[in-house]
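Working notes for the structure below.
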Amino acid sequence: EMLRSLVGSEMCIRDRDVISNKDVLLNMMHLFSSKYPEKGYLIVVDEFLDYLGGRKEHEIMLDLSFMRELGEIIKVSRLRVIFRCSRKTF
């Protein structure tokens, strides 16, 4: 949502329309690069293990598949992602 607002795209994406997140992300990064050619886009996700802890097994598999697609996009775009995974120790 934030990336779409930055590039000013009127693109509307609904989950049932998406076959490959990779294609959508590449398209969005192309739009971002055309508006900000010298910039990159950084996504930071904090407390990722806590997030996964509240998910069902099937949802976790979808989340990990999405992370894989993000990794493939990173190779060919200026998108970068940081996932912070930590456990509190008592």
Side-chain angles (χ1 to χ4, degrees):
E1 191 68 33
M2 184 183 287
L3 182 55
R4 281 192 294 203
S5 68
L6 278 173
V7 296
S9 173
E10 295 299 322
M11 226 161 113
C12 180
I13 303 166
R14 294 181 295 268
D15 286 348
R16 67 179 181 270
D17 295 338
V18 175
I19 307 269
S20 166
N21 292 307
K22 186 176 174 181
D23 295 337
V24 173
L25 289 166
L26 281 171
N27 187 33
M28 293 177 85
M29 286 309 298
H30 174 73
L31 292 170
F32 180 84
S33 294
S34 31
K35 188 166 185 179
Y36 304 102
E38 300 299 319
K39 304 288 182 183
Y41 195 78
L42 173 66
I43 299 171
V44 178
V45 180
D46 194 14
E47 301 299 339
F48 189 63
L49 286 179
D50 289 342
Y51 167 77
L52 288 178
R55 307 280 282 169
K56 297 177 183 164
E57 186 176 342
H58 178 70
E59 293 170 328
I60 291 173
M61 295 307 290
L62 294 174
D63 294 338
L64 294 176
S65 176
F66 181 71
M67 288 177 67
R68 179 188 50 79
E69 290 176 315
L70 282 173
E72 292 171 4
I73 299 301
I74 286 170
K75 293 178 188 176
V76 295
S77 74
R78 290 180 171 240
L79 175 67
R80 299 296 179 260
V81 183
I82 298 172
F83 289 91
R84 182 175 178 268
C85 302
S86 65
R87 288 273 184 195
K88 295 179 183 174
T89 36
F90 296 95

Going by heavy atoms in the side chains, are [X] and [Y] under 4.5 Å from each other?
X: Phe66; Y: Leu25; result: yes
X: Arg80; Y: Tyr41; result: no
X: His58; Y: Leu62; result: yes

_Separation of Arg78 CZ from Lys39 NZ (nearest 0.5 Å)_ = 10.0 Å
*Could you tell me the separation between the NE2 atom of His30 and the OG atom of Ser77, rounded to the nearest 0.5 Å?*
12.5 Å
_By side-chain contact (heavy atoms from CB on, under 4.5 Å) - contacts of Asp63 (at least two apart)_ = Tyr51, Leu52, Arg55
*Quick one: side-chain contact (heavy atoms from CB on, under 4.5 Å) partners of Val81, sequence neighbours excluded?*
Ile43, Leu70, Ile74, Leu79, Phe83
*Does Glu72 have any side-chain hydrogen bond (donor to acceptor under 3.5 Å, both in side chains) partners at least two apart in sequence or in another chain, and if so, which?*
Lys22, Arg68
*Can you check side chain to side chain contact (heavy atoms under 4.5 Å, CB included) on Ile82 and Val45, steps first, answer last?*
CA-CA 6 Å; Ile82 298 172; Val45 180; over 6 Å; no
*asked:* Looking at Met67, I want to see if its CE is surrounded by more than 12 non-hydrogen atoms of other residues, nucleotides or ligands under 6.0 Å.
replied: yes
